[in-house]
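Below, each value reflects all heavy atoms present in this structure, side chains not excepted, and no hydrogens, waters or symmetry copies.
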Amino acid sequence: MLLPLLLPLTKCAQPKIALLLPFILMLAACSTPPAPITRGEAQSAPISTSELAQSDSNRMATLGMRANMASLMLLADKLYRRNPAEWRKASPTREAALAKLKLAIDSSTAWPDLQGKRDIAAMSLVLGPDFNGDRVAAFIYASADMLITAHGNKTTFYLTDALDAQYVYNAARNIEIAVWLLATRKNAQGLPLLLSDEINESQRNLSFEREFGKVIGRLDLLANLLTEKYRRAVITYVQNLLGGTFIQFLPVR
């Protein structure tokens with residue numbers, strides 16, 4: 001757009017061009033492409049020697065479990081923010097309550113409020129209307145314990161490990177049931193067990209549902225992958241068997 005200004009100008013044209021110059025520069029500035037917006041990028045972890053003992057499905061299960069545990073801790077933080085009375089039952093601060101919860105999950109230390117119950121039995125207890133302990137911590141701990149149980153009581157998987165697709169699928173359904181119970185059940189005072197998603201005239205907060213949905217989606221994907229893995233193993237075996245018997249090269253000399 002500025003190329004005409006490089007040509008010789010007559011005396012009569014110079015004043016007109018001088019008046020148009022600010023508009024030409026403004027148009028040139030508007031035509032400049034905007035700076036690129038950084039929206040992040042896919043991240044890859046460095047290769048470790050332990051991965052040599054992992055198949056593709058082992059690695060996916062390990063990454064899925066890691067992501068699901070992170071989602072549960074994020075949900076614990078969000079639930080504590082909406083239900084501060086829960087962390088105040090046993091901790092001086094929200095951060096302290098989260099740290100204690102994470103340590104218990106990582107070390108498989110029994111959670112006192114759950115009375116020795118585990119996985120789905122613990123989830124049923126904490127989602128009952130008469131539960132009086134820290135409901136946020138107990139609910140997240142029970143959910144994490146249920147997921148780990150469904151994965152054979154492990155969080156990292158190797159070639160020697162076998163995952164049951166049905167148990168992983170059932171874990172996804174259990175999370176769906178738990179989310180529904182949180183949204184519909186009331187405590188002894190007639191209030192929701194825990195405040196989570198909220199839709200009203202002034203705001204629409206569905207962040208809890210989205211995070212729970214991520215956990216469910218990862219579990220369903222892994223269950224499908226495991227089912228397909230075993231199905232393809234049978235097909236590959238039959239293909240090799242038929243190929244060795246019937247599909248043979250013919251002599252050419």
Side-chain angles (χ1 to χ4, degrees), residues 64-151 153 155 168 170-200 202-219:
M65 178 61 79
R66 187 183 303 169
N68 284 338
M69 292 298 107
S71 287
L72 289 179
M73 289 306 303
L74 176 61
L75 285 163
D77 186 31
K78 293 169 68 65
L79 286 169
Y80 271 146
R81 291 176 185 273
R82 290 222 65 196
N83 304 270
E86 297 301 319
W87 62 257
R88 292 191 178 113
K89 291 178 180 178
S91 299
T93 64
R94 176 173 52 83
E95 291 78 10
L98 288 170
K100 183 168 65 174
L101 172 61
K102 188 175 189 309
L103 178 61
I105 293 174
D106 292 345
S107 62
S108 300
T109 302
W111 195 255
D113 291 339
L114 294 175
Q115 305 170 14
K117 298 185 185 309
R118 293 195 57 199
D119 54 79
I120 58 174
M123 294 180 73
S124 297
L125 175 65
V126 74
L127 291 172
D130 299 326
F131 185 82
N132 295 319
D134 179 346
R135 197 185 295 271
V136 170
F139 171 66
I140 296 299
Y141 181 93
S143 298
D145 188 58
M146 185 271 296
L147 293 186
I148 295 172
T149 301
H151 288 72
N153 294 311
T155 57
V168 175
N170 291 349
R173 307 290 75 79
N174 287 340
I175 294 295
E176 287 179 337
I177 294 169
V179 173
W180 181 80
L181 291 175
L182 275 182
T184 56
R185 275 190 177 174
K186 309 293 183 182
N187 60 19
Q189 290 73 41
L191 301 173
L193 297 181
L194 291 172
L195 295 176
S196 53
D197 288 331
E198 184 175 10
I199 302 177
N200 54 45
S202 60
Q203 63 180 350
R204 182 183 179 87
N205 177 11
L206 297 176
S207 59
F208 294 88
E209 180 180 330
R210 286 195 296 270
E211 200 62 38
F212 278 120
K214 291 178 183 179
V215 176
I216 295 167
R218 294 186 195 108
L219 293 170

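Between atom CD1 of residue I140 and atom NZ of residue K102 there is a gap of 13.5 Å, rounded to the nearest 0.5 Å. For the atom pair CG (L72) and CZ (F212), the distance works out to 7.5 Å, reported to the nearest 0.5 Å. Within the model, atoms CG of N68 and CD of E211 stand 9.5 Å from one another, a figure rounded to the nearest 0.5 Å. Considering CD1 of I148 and CD1 of I105, their distance stands at 7.0 Å, rounded to 0.5 Å. Rounding to the nearest 0.5 Å places CG of N83 at 10.0 Å from CG of L193. The distance from the CZ atom of F139 to the CG atom of L75 is 8.0 Å, given to the nearest 0.5 Å.
In terms of heavy-atom proximity, L219 sits nearest to A171 at CD1-C, 3.9 Å. For the pair A137 and L101, the tightest heavy-atom approach, listed with the atom from each and the gap, is O-CD1, 3.5 Å. Nearest heavy-atom pair, A138 versus L114, reported as atom, atom and distance to 0.1 Å: CB-CD2, 3.9 Å. The minimum heavy-atom distance linking A76 with V136 is given by the pair O-CG1, 3.7 Å. P192 and N187 get closest at one heavy-atom pair: O-ND2, 4.0 Å. Of all non-hydrogen atoms in G133 and D113, the two that sit nearest each other are CA-OD2, 3.7 Å.
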For residues 90-99, run the donor-acceptor check on the side chains, cut-off 3.5 Å, and write out each pair with its distance to 0.1 Å, sequence neighbours left out.
from, atom 1, to, atom 2, distance (Å)
T93, OG1, A96, N, 3.0
R94, NH1, D77, OD1, 2.5

Using atom types as modelled, flag every donor-acceptor pair under 3.5 Å from a side chain in residues 120-130 to any protein atom, sequence neighbours excluded.
from, atom 1, to, atom 2, distance (Å)
S124, OG, I120, O, 3.0

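Between R118 and D145 there is a salt bridge, with a side-chain nitrogen of the basic residue lying less than 4.0 Å from a carboxylate oxygen of the acidic one.
Residues satisfying the side chain to side chain contact (heavy atoms under 4.5 Å, CB included) criterion with N170, sequence neighbours excluded, are Q166, Y167.
Checked by atom type, the side-chain pair Y80/D134 shows a donor-acceptor distance below 3.5 Å.
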